[in-house]
Chemist: 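What follows is a structure written as structure tokens; I'll ask about it next.
Keep in mind that the numbers below use all heavy atoms, side chains included, and drop hydrogens, waters and symmetry copies. Residue numbering restarts at 1 for every chain, and letters A, B, ... go by the order of the sequence lines.
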Protein chains: 2
Amino acid sequence: MTTIKDVSKKAGVSVATVSRVLNNKKVKKETVEHVLRIMKELNYSPNQIARGLSNKKTKTIALVIPVINNPFFPELASSIEHIAHKYGYKIFLCNSDDSKEKLADYIDTLTSNYIDGVIINSHVVERVDIDKLIQNKVPIVTIDRKHFEHEFTHVSVKNKDGGGIAANHLLEIGCKRIGHIKGPENERNATERYWGYRTTVHKLDWYDQSYVVAGDFSVEGGYKAMKELLIKHPTIDGVFAANDLSAIGAMKAAYEWNIKIPDDLAIIGFDGIAMTKYMVPSITTIQQPLQKMGKIAFEELMNKINNPDAKIKHHELDVSLMLQESTLR
Amino acid sequence: MTTIKDVSKKAGVSVATVSRVLNNKKVKKETVEHVLRIMKELNYSPNQIARGLSNKKTKTIALVIPVINNPFFPELASSIEHIAHKYGYKIFLCNSDDSKEKLADYIDTLTSNYIDGVIINSHVVERVDIDKLIQNKVPIVTIDRKHFEHEFTHVSVKNKDGGGIAANHLLEIGCKRIGHIKGPENERNATERYWGYRTTVHKLDWYDQSYVVAGDFSVEGGYKAMKELLIKHPTIDGVFAANDLSAIGAMKAAYEWNIKIPDDLAIIGFDGIAMTKYMVPSITTIQQPLQKMGKIAFEELMNKINNPDAKIKHHELDVSLMLQESTLR
DNA sequence: TGTTAAAATGTAATCGGTTACAATAATTCG
DNA sequence: CGAATTATTGTAACCGATTACATTTTAACA
């Protein structure tokens, strides 16, 4: 690998000058051109590790995501990777696998690796992890999952609106009894989605709390929840699942009981993962603007990196109805 | 951040000794204990960037994957991340987004970041990229996609066997006319899967080349291919899709034509992505041993890193039939 | 107990950059 | 035209580790 010294020698200038050229500092125009030419000649590219040591910055951010089995996360990760690459940032992947230990491990490595910042999407993060990051002044932005979100800039969507849109949509297509499959207890997004639904239907005469059953954002959870709903309310003809995986589980349950979708039962999910398009029938869902979320999260992180005492901001983006077959009547 | 100097001062020894303790070099037992105690006291953890500069090793590997929209890749990525973390390695995520430029960009950064090695799964990689890596002596292992695989240690599965198992399974459950939805032209895995199928069915009297139609590993491709098959061969009662996404597309097509699965048409895919379980009906598939693939790829990479002239090896792992509803008769 | 070999530790150069400060060259202006 | 600025470049310290080589300490042995 050619180094800055090689360039300096061949160009007949000091390494300081070469470094200045690299960093666009004040250098005479002709010198810049000359040095640049030599760099090209030697096929030089600066050693990022050395730069990192000196700058305490590495143009790398960490992306903390929970387990991979909900396709929402890869899709979100992809949107972040996309924008990060545009800005010339590298991504250090921290897949927490829903394990506190593994996550703590990762958190520990961030400081000693001069990671510039972190985008966190995990409910597994603990107070002590967060404190460690804060103490080391690692800029943080949280996305999607709400956990310590009041302490940081956070990006998520208008979950309550989404819940409302979902419930209203089911009413509009003529559903008379609408159930809800909730997300995990204590998951803020889930609760908000539930409230959107509840606000929309609670004044209707058929509604009572038994139309809401617990799920856990998983296919299996949605499956069980749907069975429960069907047992409690055989006349149910619409269901709003708190996320797409649950909706898929619900569909599976309905299928087993020979209930036709959308005719006997309309199903709507939440997230807008690609899989909803592929299901048979495809599943109507409340779409989260993934690209936008990734972009905002990343840009807020950049802001925080370049301006450590930027004040925190909470972004709640709009969601939209993605109409597909499971509610097509 | 406390540095090695702080530790050295407080412990009353030289930095060299501290470094030796860090690296388990010969140091008097009492000194080791003493230094270790001081480290703990100061909550010291060595700066990995500084270490990297000196060692030209960073305990980081790059993972190059194509686009994220085939869930197979996140699942594979996850398996690699899993084992890498166990070995104390970090993962630098290179999502090529199927773009040659983006990938070339990433390749360029690897050397200047002292990335220890690369696991590549991408058909987008170009000769020039590969050459750049080779020239810089970056250890490489390829996985899944076959591209330049003869130059490197490579991990994939017995695709031909898988194709055979799939076709045989369809025969065993009584299918009389079995079509095949191929993967992309020039994709070696796809070709091998096709040969497995062909070898199994080509001597049967009904078989001719028209039972094989082109797909592209996507849902849309599978959908179109299935329609084509149904038009050409209305009596078809089994189909082997070269990957799970195609199988899903095929299911969608069948559904539109009111063909019942598995009764009228049995479908089998390839890969074993989680999604197959979730489909309604769930899709029988040929499962790739993801965890094992990730483990072997990573360990081979470690081997190559620690022993640069290790000879290349080609691993072809066994696949297995994952029986689900789409072929359940 | 004095020599010598072996073990333990320290000094200082090094990895490849950045940058404060010093030095030199080019301009400006009375 | 010479002093004062300003622009440009160079020197050397520094980032935080590793390690070759030198030095000191300890152990072994006659």
Side-chain angles (χ1 to χ4, degrees), chain A residues 1-36 38-39 42-60 88 90 108-116 136-137, chain B residues 1-36 38-39 42-60 88 90 108-116 136-137:
Chain A
M1 229 184 63
T2 71
T3 72
I4 198 172
K5 240 185 227 163
D6 302 328
V7 176
S8 112
K9 239 174 248 163
K10 179 127 189 199
V13 299
S14 73
V15 293
T17 299
V18 178
S19 173
R20 287 191 190 102
V21 171
L22 277 177
N23 297 286
N24 302 310
K25 303 278 179 65
K26 268 251 142 300
V27 176
K28 195 161 66 169
K29 213 170 155 223
E30 294 92 78
T31 317
V32 173
E33 283 162 4
H34 178 227
V35 171
L36 249 29
I38 302 289
M39 285 181 178
L42 296 182
N43 194 17
Y44 168 73
S45 89
N47 182 317
Q48 297 303 131
I49 300 292
R51 280 186 137 173
L53 182 57
S54 170
N55 292 335
K56 299 181 191 300
K57 288 267 169 68
T58 55
K59 288 241 166 198
T60 304
K90 293 174 292 298
D108 276 338
T109 65
L110 300 190
T111 319
S112 54
N113 278 92
Y114 285 156
I115 300 293
D116 299 351
N136 286 299
K137 298 191 177 38
Chain B
M1 230 184 64
T2 72
T3 72
I4 198 172
K5 241 186 227 163
D6 301 328
V7 175
S8 111
K9 240 174 248 162
K10 179 127 189 199
V13 299
S14 73
V15 294
T17 299
V18 178
S19 173
R20 287 191 191 101
V21 171
L22 277 176
N23 297 286
N24 302 310
K25 304 278 178 67
K26 267 248 144 303
V27 177
K28 194 160 65 168
K29 213 171 155 220
E30 295 91 78
T31 317
V32 173
E33 283 162 2
H34 177 226
V35 171
L36 250 29
I38 302 288
M39 284 181 178
L42 297 182
N43 193 18
Y44 168 74
S45 91
N47 182 316
Q48 296 303 131
I49 300 291
R51 279 187 137 173
L53 181 58
S54 174
N55 291 335
K56 300 182 191 300
K57 288 267 169 67
T58 55
K59 289 240 164 197
T60 304
K90 294 174 292 296
D108 275 338
T109 66
L110 300 189
T111 320
S112 53
N113 280 91
Y114 285 157
I115 299 293
D116 298 351
N136 286 299
K137 299 192 177 39

Chemist: What's the closest nucleotide to the side chain of A:Lys5 if the choices are D:dT18, C:dC15, C:dA8?
Modeler: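 In terms of side-chain proximity for A:Lys5, the closest of D:dT18, C:dC15, C:dA8 is C:dC15.
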Chemist: To the nearest Å, give me how far apart NZ (B:Lys26) and P (D:dT26) are.
Modeler: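 To the nearest whole Å, that distance equals 17 Å.
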Chemist: What is the distance from NZ of B:Lys29 to P of C:dA8, rounded to the nearest Å?
Modeler: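 My rounded result for the distance is 12 Å.
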Chemist: Once you round it to whole Å, what is the distance between C1' of C:dG17 and CD1 of A:Ile49?
Modeler: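 Rounded to the whole Å, the gap is 11 Å.
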Chemist: Measure the CG-CZ distance between A:Leu22 and A:Arg51 for me, rounded to the nearest 0.5 Å.
Modeler: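 CZ of A:Arg51 is found 5.0 Å from CG of A:Leu22.
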Chemist: Report the nucleotide, chosen from D:dT9, C:dG17, D:dT19, that has the shortest atom-to-atom distance to any side-chain atom of A:Pro46.
Modeler: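 Selected nucleotide (nearest to the side chain): C:dG17.
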Chemist: Figure out the CG/P separation between A:Asn24 and C:dT19, and round it to whole Å.
Modeler: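 Atom CG in A:Asn24 sits about 12 Å away from atom P in C:dT19.
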Chemist: How long is the span from the OG atom in A:Ser45 to the CG atom in A:Asn43, to the nearest 0.5 Å?
Modeler: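 Nearest 0.5 Å value for the OG-CG distance: 7.5 Å.
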Chemist: Given atom NE2 of B:His34 and atom P of C:dA8, what is their separation to the nearest angstrom?
Modeler: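 In whole Å, C:dA8 P and B:His34 NE2 are 17 Å from each other.
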Chemist: Would you say A:Arg51 reaches C:dG16's phosphate, i.e. side-chain N/O to OP1/OP2 under 4.0 Å?
Modeler: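 No, outside the criterion.
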Chemist: D:dG16, OP1 or OP2 - any side-chain N/O from A:Lys56 closer than 4.0 Å?
Modeler: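 A:Lys56 to D:dG16 OP1/OP2: side-chain N or O found under 4.0 Å.
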Chemist: Classify B:Thr3 by what it touches in the nucleic acid, base, sugar-phosphate, or nothing, heavy-atom distance under 4.0 Å.
Modeler: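 Contact class for B:Thr3: sugar-phosphate only.
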Chemist: Between A:Asn23 (CG) and C:dA20 (P), how many Å, whole number?
Modeler: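 Going from A:Asn23 (CG) to C:dA20 (P), I get 12 Å.
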Chemist: Rounded off to whole Å, could you give me the CD-to-P distance for the B:Glu30 and C:dA7 pair?
Modeler: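 In whole Å, C:dA7 P and B:Glu30 CD are 15 Å from each other.
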Chemist: Hey, what do you get for CG (B:Leu110) to CD1 (B:Ile115), rounding to the nearest 0.5 Å?
Modeler: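 Taking CG in B:Leu110 and CD1 in B:Ile115, the distance rounds to 6.0 Å.
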Chemist: Counting only side-chain nitrogens and oxygens, does B:Ser54 get under 4.0 Å of the OP1 or OP2 atom of D:dA17?
Modeler: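 So the side-chain polar atoms of B:Ser54 never come under 4.0 Å of the phosphate oxygens OP1 or OP2 of D:dA17.
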Chemist: Within this structure, what is the CG-OG1 distance for the pair B:Asn47 and A:Thr111, rounded to the nearest 0.5 Å?
Modeler: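 The OG1 atom of A:Thr111 is 10.0 Å from CG of B:Asn47, to the nearest 0.5 Å.
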Chemist: To the nearest Å, give me how far apart CG (B:Asn113) and P (C:dG17) are.
Modeler: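 It is 12 Å, rounded to the nearest whole Å.
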Chemist: So does B:Asn55 get a side-chain nitrogen or oxygen closer than 4.0 Å to the phosphate oxygens (OP1/OP2) of D:dA17?
Modeler: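 No, no such contact exists.
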Chemist: If you find the nucleotide of DNA chain D closest to A:Lys28 and the one closest to B:Asn47, which residue's nucleotide is nearer the 5' end?
Modeler: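 So the residue in question is A:Lys28.
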Chemist: Counting any heavy atom closer than 4.0 Å, what does A:Val13 reach on the DNA or RNA strands: base, sugar-phosphate only, or nothing?
Modeler: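 Sugar-phosphate, backbone atoms only, no base.
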Chemist: Measuring to OP1 and OP2 of C:dT18, would you say a side-chain N or O of A:Arg20 lies under 4.0 angstrom away?
Modeler: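 So the side chain of A:Arg20 is outside the cut-off, no N or O lying under 4.0 Å from OP1 or OP2 of C:dT18.
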Chemist: Can you tell me if A:Thr17 touches the phosphate of D:dT9, counting only side-chain N or O atoms and a distance under 4.0 Å to OP1 or OP2?
Modeler: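 No, no such contact exists.
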Chemist: Which distance, rounded to the nearest 0.5 Å, do you find between the CG of B:Asn55 and the OH of B:Tyr114?
Modeler: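 If I round to the nearest 0.5 Å, the distance is 10.0 Å.
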Chemist: Please state whether the phosphate of D:dA17, meaning OP1 or OP2, lies under 4.0 angstrom from any side-chain nitrogen or oxygen of B:Tyr114.
Modeler: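 Indeed not, no polar side-chain atom of B:Tyr114 lies that close.
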